[in-house]
Every structure is written in C-alpha cells, then in structure tokens.
Amino acid sequence: MPAARLWLVADNRLSVRDRELFLAEPHIAALSVSAGPGRGPLTVPMWYQYEPGGEAWVLTEAASMKARLIEAAGRFTLMVERVAPTTRYVSVEGPVTRTVPQTDELLLEMTERYLPPEKVPAYLAFAKELGPQVAIYLRPERWLSSDLGPS
C-alpha cells in the first residue's frame, strides 16, 4: 500500500470517545476466536453488550463451540460495522475476564437491547428452552476503528 494511502487510513481513526460510543450502539457483532492450529478463526454473528469504559460481554450456550474455543484461547474479538450514513467500523480484542452463568437480569438486558418491547416476552420464553447459558466478559485491549466518510 502506498505511503499516502496508509496516512489516509490512519487519519480516519475514531477518537476513543467516538469508538466507545459506536461500540455501545446495538449493532450485531462478528465474534471471532481462534479455532486452533491449521484453521481460520471461528467467526459468528452475536448480540453483545457494552458501555463506554467498561467490558463487553456476550451470552452463549455453556456447551457451545464458541464457549469452548473462547475458554481455550482466553480471548476473542468483536467487530461491528455500519454502512449508513457513513461506512464505519470498530473492532475490539482482549482477554476474557470472567465467565458467569446467565441470570434472568442479563438475559433481559440483552434482549431489550436488540428487540422491540412487544417481542421481548416471546424471545425470553424461547431463550429459556436453549439450556444453560453463560455470559463471557472481554476487557477491551486492542482497538481498530475507522470512519470512511460518506458511502
């Protein structure tokens, strides 16, 4: 990549405040975690929760491949993006700080973040049928971000 293009990419980085506020919006994240030697990372869409300055967390089935791979790797990445009104993305990677059993409060918080109020009760009933879930927390350590201007 020519030096001039590298400067333009770096110049589009979001401020700490802007990247944290963007990550706090209810986007669907691409969660990536190492799948082991000789394999690409496991990358799946995920609901997540984040408040500026805090930890990000996801809910997943306790026995899922995601949970097992995250436990083995000890870290994972979340990447969120949008294409309007401008193309913007934020990627955050870091270590797992804790894994805790899902509570009704955590499930309600996550569900209300993503669904309209009238859809929440049906989703909560559905989620209780999924079996044991865990909340996995990530401490943001490395950030990548950019706003590429008008799309």
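The basis for the numbers below is simple: all heavy atoms, side chains too, and nothing from hydrogens, waters or symmetry mates.
For the residue pair Thr97 / Glu55, a side-chain donor-acceptor distance below 3.5 Å is found, with atom types taken as modelled.
Inter-residue side-chain proximity for Met79 and Val90 is flagged as unmet; no heavy-atom pair is nearer than 4.5 Å. A 4.5 Å side-chain heavy-atom check between Leu138 and Pro95 finds every atom pair outside the cut-off. Contact of the Arg98 side chain with the Arg139 side chain is not registered, since no non-hydrogen atoms from C-beta on lie closer than 4.5 Å. Under the 4.5 Å side-chain criterion, counting only non-hydrogen atoms from C-beta, Trp47 is not in contact with Leu59. Using a 4.5 Å heavy-atom threshold, the side chains of Trp143 and Arg13 count as separate.
In this structure, Leu23 CG and Leu78 CG are separated by 7.0 Å, a value rounded to the nearest 0.5 Å. The distance from atom CZ of Arg68 to atom OG1 of Thr60, rounded to the nearest 0.5 Å, is 10.0 Å. Annotation: the span from Ser34 atom OG to Arg39 atom CZ amounts to 9.0 Å, rounded to 0.5 Å. Of the inter-residue distances, the one linking Glu141 atom CD with Thr77 atom OG1 reads 10.5 Å to the nearest 0.5 angstrom. Put simply, CD on Glu20 and OG on Ser15 are 9.0 Å apart, with the number rounded to the nearest 0.5 Å. For the atom pair Leu148 CG and Asn12 CG, the distance stands at 5.5 Å (nearest 0.5 Å).
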Distance-only criterion, 3.5 Å: show the donor-acceptor pairs between side-chain atoms of residues 110-118 and protein atoms not counting sequence neighbours.
| unit_1 | atom_1 | unit_2 | atom_2 | d |
| --- | --- | --- | --- | --- |
| Thr111 | OG1 | Leu107 | O | 2.7 |
| Arg113 | NE | Tyr48 | O | 2.7 |
| Arg113 | NH1 | Ala24 | O | 2.8 |
| Arg113 | NH1 | Gln49 | OE1 | 3.0 |
| Arg113 | NH2 | Ala24 | O | 3.3 |
| Arg113 | NH2 | Glu25 | O | 2.8 |
| Tyr114 | OH | His27 | O | 2.6 |
| Tyr114 | OH | Tyr48 | N | 3.2 |
| Tyr114 | OH | Tyr48 | O | 3.2 |

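Heavy atoms only, all atoms of each residue included: Arg82 and Ala84 are closest at CD-O, 3.3 Å. Residue Pro41 comes nearest to Ser32 through the heavy atom pair CB-CB, 4.4 Å, listed as atom of the first residue, atom of the second, then distance. Residues Val33 and Ala73 approach most closely at CG2-CB, 3.9 Å, considering heavy atoms.
In the hydrophobic clustering of ILVMFWY residues, with side-chain heavy atoms under 4.5 Å counting as a link, Tyr137 and Leu108 come out together. When the side chains of ILVMFWY residues are joined at heavy-atom separations under 4.5 Å, either directly or via intervening members, Leu106 and Tyr123 end up in a single hydrophobic cluster. The hydrophobic cluster containing Leu21 does not contain Ile28, counting ILVMFWY residues as joined when their side-chain heavy atoms lie under 4.5 angstrom apart, directly or transitively. Hydrophobic clustering (side-chain heavy atoms under 4.5 Å, transitive across Ile, Leu, Val, Met, Phe, Trp, Tyr) groups Val134 together with Met65. Following chains of ILVMFWY side-chain contacts shorter than 4.5 Å, one cannot reach Val80 starting from Tyr89, and the two form parts of different hydrophobic clusters.
Cation-pi geometry between Arg88 and Phe22 is met: under 6.0 angstrom from the ring centre, within 45 degrees of the axis.
The side-chain contact (heavy atoms from CB on, under 4.5 Å) test with Leu31 is passed by exactly one of Leu69, Ile136, Leu42, Val58: Val58.
Panel note: side chain Ser145, backbone Leu14; a donor-acceptor pair is recorded below 3.5 Å.
Around atom CD of Glu71, no more than 12 heavy atoms belonging to other residues, nucleotides or ligands sit under 6.0 Å away.
Of the charged side-chain nitrogens involved, at least one lies within less than 4.0 Å of a carboxylate oxygen, so that Lys128 and Asp104 count as a salt-bridged pair.
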